[in-house]
Participant: 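Quick one: structure below, then a few questions.
Naming convention: chains lettered A, B, ... in sequence-line order (proteins, then strands); numbering from 1 in each chain. Values below: every heavy atom of this structure, side chains too, minus hydrogens, waters and symmetry copies.
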Amino acid sequence: MHLGASVASSASSLCRTHHLACRFQDPDRSWIYRHSELIPGKRRGKVVPLRANFWESIKSGFGKNDNTTQVVEPPTSIEEEETLPLEIVLLERTRPDGTFEQIIFSSAGDVDVYDVQALCDKDNWIFQVGWPRRPLGKIAASLKNSYLVATLHSICRPSGSEVNDKKQLIGMARATSDHAFNATIWDVLVDPSYQGQGLGKALVEQLIRTLLKRDIGNISLFADNKVVDFYQNLGFEADPEGIKGMFWYPRY
Amino acid sequence: MTAMQSHGVSLPLRGSLSSRSLPRRYFSVSSLSWTKFLTGARNLPYPVAASSAFTLSDGELESRGFRVRRSPEGLDVGALNDVFARVGFPRRDPDRIRRALEHAGGAVVWVEDGKGGSEEGKPVAFARATGDGVFNAVVWDVVVEPSLQGIGLGKAVMERLVADLRAKGVSNIALYAEPRVVGFYRPLGFAADPDGIKGMVYSRRNQQQRKSR
């Protein structure tokens, strides 16, 4: 997969991204829990493509399944913008069956609790410790009380049709915080059929960026042995200065 | 400057460590009821949170001149900052501290010097926790006034903080402990790296080193 291949068409694809995004509708939901308030299902915020050098770091994960993945490159640096957009298109691609797909990162916390539970239930690569089956009400409460809920959604449009875009929750991560000094990342999940493409990495990277933008200086997490390397590659350090993570009467 | 601090010794992750006087070592008051739970702790049910399970009851603390407070109400933030400074933490913006206390979800326990009057609102021991109120919590800023360490005040706030979290149903209580205080938390029921789980912290410096390669 080469970033260079998409440069020539980046201008037009940029326009197309914005154009398409406006036309996507959220499917009907009986209950969408928007972080910190209940809203009817509605997409909000600017959809903005990602910085080019961010792609350099996760480039190796993309383009495994098809060669028609198109990476959208922004003309300007996001850092220069005053506010971090709530939604970011991570990638767009056309699948072998002609379906057009977009993967969207969002920090708005727009998430259907049933979708979260379904994601938890899948036999996914769990980046997070301890996973008993959780009751719906508690999941909703945990999301409500989280400082930041980040999601990955896949939006698919079957080829040749203008309606019935399918939106699916394929990843989630959340962070609790005291809103001042510390944040702790919990529950990093990626749907098994979307793993191995660098999306987990992208999810956590964006989550970190959002936290740093909100001036939360200390970002921590607890990592299962198997995923310590994954987080190390993202800039996390285990046992910094010998400091140990401790748990109260763990059942492991 | 970023500092990792569950406990009363600050450890900046960036920049050099400045020389400072370290707080006195903790001597945990051994208590039979707690050590009983330690043997084969992983397999036994965790202790039920009842006030009778506390090493020092509220009444015993009162008789020693200390009043336990279970909410941030009435806490003198400036005085808290003073305690932070005396244990070696960096002083922090009082407005930020207030914001952190507001968003603690009620998980704040502190001990007030019971003399009252001018000592009102002044913490001699303190601990708080962040979390989602349902599943997970992380304990931060456990401090005891250096001149009053070693008499059970740190244990008192920790026991009550854990009890309050357990009462809400939070089953996953974690913290970050500097090597020299791991021993303080063990008798309270905390285990380090259970099943190989590692506490990790994000470091911007690590991030920059990575990108330059």
Participant: Which residue out of A:Ser142, A:Ala141, A:Ala175 racks up the most heavy-atom pairs below 4.5 Å with chain B?
Facilitator: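 Most heavy-atom pairs within the cutoff with chain B belong to A:Ser142.
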Participant: Is a donor on one side and an acceptor on the other found under 3.5 Å between the side chain of A:Trp248 and the backbone of B:Leu188?
Facilitator: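 Judged by distance alone, yes, a pair lies under 3.5 Å.
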Participant: Which heavy atom of B:Pro194 sits nearest to which heavy atom of A:Pro250, and what is that distance?
Facilitator: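 Looking at all heavy atoms of both residues, the closest pair is CB-CG, 3.5 Å.
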Participant: Sort out for me which of A:Arg174, A:His179, A:Met246 touches chain B most, counting heavy-atom pairs under 4.5 Å.
Facilitator: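 Ranked by contacts with chain B, first place is A:Met246.
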Participant: What heavy-atom pair brings B:Ala192 and A:Lys244 nearest, and what distance separates the two atoms?
Facilitator: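 Smallest heavy-atom distance, with atoms named: CB-CB, 4.3 Å.
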Participant: Regarding A:Asp178 and B:Arg128, does a basic nitrogen lie under 4.0 Å from an acidic carboxylate oxygen?
Facilitator: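 Yes, charged N to carboxylate O under 4.0 Å.
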Participant: For a 4.5 angstrom cut-off between non-hydrogen side-chain atoms, does A:Leu212 reach B:Tyr202?
Facilitator: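 Sidechains of B:Tyr202 and A:Leu212: in contact.
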Participant: Using non-hydrogen atoms only, which part of A:Ile208 is less than 4.5 Å away from chain B: side chain, backbone, both, or neither?
Facilitator: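 Side chain only.
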Participant: What's the spacing between A:Trp186 CH2 and B:Asn136 CG if we round to 0.5 Å?
Facilitator: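 Spacing of CH2 (A:Trp186) from CG (B:Asn136) equals 4.0 Å.
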Participant: Mind checking the NE2-OG1 spacing from B:His103 to A:Thr176? Nearest 0.5 Å is all I need.
Facilitator: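 One finds 12.5 Å between NE2 of B:His103 and OG1 of A:Thr176.
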Participant: A:Ser220 vs B:Tyr176, test: side-chain contact (heavy atoms from CB on, under 4.5 Å). Steps then yes/no.
Facilitator: CA-CA 10 Å; A:Ser220 56; B:Tyr176 293 88; 3.1 Å; yes
Participant: Please determine if A:Lys138 and B:Asp132 form a salt bridge, counting it only when a charged side-chain N lies under 4.0 Å from a carboxylate O.
Facilitator: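 A salt bridge is absent here (no side-chain N lies under 4.0 Å from a carboxylate O).
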Participant: Using non-hydrogen atoms and a 4.5 Å limit, figure out which bit of B:Ile97 sits close to chain A: side chain, backbone, both or neither.
Facilitator: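 For B:Ile97, the contact with chain A is made by backbone and side chain together.
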Participant: Can you confirm whether B:Val201 sits close enough to A:Ile243 that some side-chain heavy atom of one is under 4.5 Å from a side-chain heavy atom of the other?
Facilitator: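 Heavy-atom side-chain distance check fails, nothing below 4.5 Å.
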Participant: Rounded to the nearest 0.5 Å, what separation is found between the CZ atom of A:Phe181 and the CZ atom of B:Arg99?
Facilitator: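 Going from the CZ atom of A:Phe181 to the CZ atom of B:Arg99 covers 8.0 Å.
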Participant: Would A:Phe247 and B:Tyr185 satisfy ring-ring contact (aromatic ring centres under 6.0 Å, His included), going step by step from the backbone distance to the final call?
Facilitator: CA-CA 10 Å; A:Phe247 285 82; B:Tyr185 290 108; over 10 Å; no
Participant: Nearest 0.5 Å, please: how far is CH2 in B:Trp140 from OG1 in A:Thr184?
Facilitator: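 With rounding to 0.5 Å, OG1 (A:Thr184) is 4.5 Å from CH2 (B:Trp140).
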Participant: Are the side chains of B:Met200 and A:Gln232 in contact, using a 4.5 Å heavy-atom criterion?
Facilitator: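 Yes, their side chains come closer than 4.5 Å.
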Participant: For the atom pair NZ (B:Lys198) and CD (A:Glu237), what is the distance rounded to the nearest 0.5 Å?
Facilitator: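 Result: 11.5 Å between the selected atoms.
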Participant: Relative to chain A, which of B:Gly199, B:Gly133, B:Gly169 shows the most heavy atom pairs under 4.5 Å?
Facilitator: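 Max contact count across the listed options: B:Gly199.
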Participant: Output the distance between atom CG (A:Asp239) and atom CG (B:Asp193), rounded to the nearest 0.5 Å.
Facilitator: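 A:Asp239 CG to B:Asp193 CG: 5.5 Å, rounded to 0.5 Å.
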Participant: Over all heavy atoms of both residues, which pair between B:Asp195 and A:Asn225 is shortest? Give the atoms and the distance, please.
Facilitator: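 Answer, listing the atom of B:Asp195 first, then A:Asn225: O-ND2, 4.4 Å.
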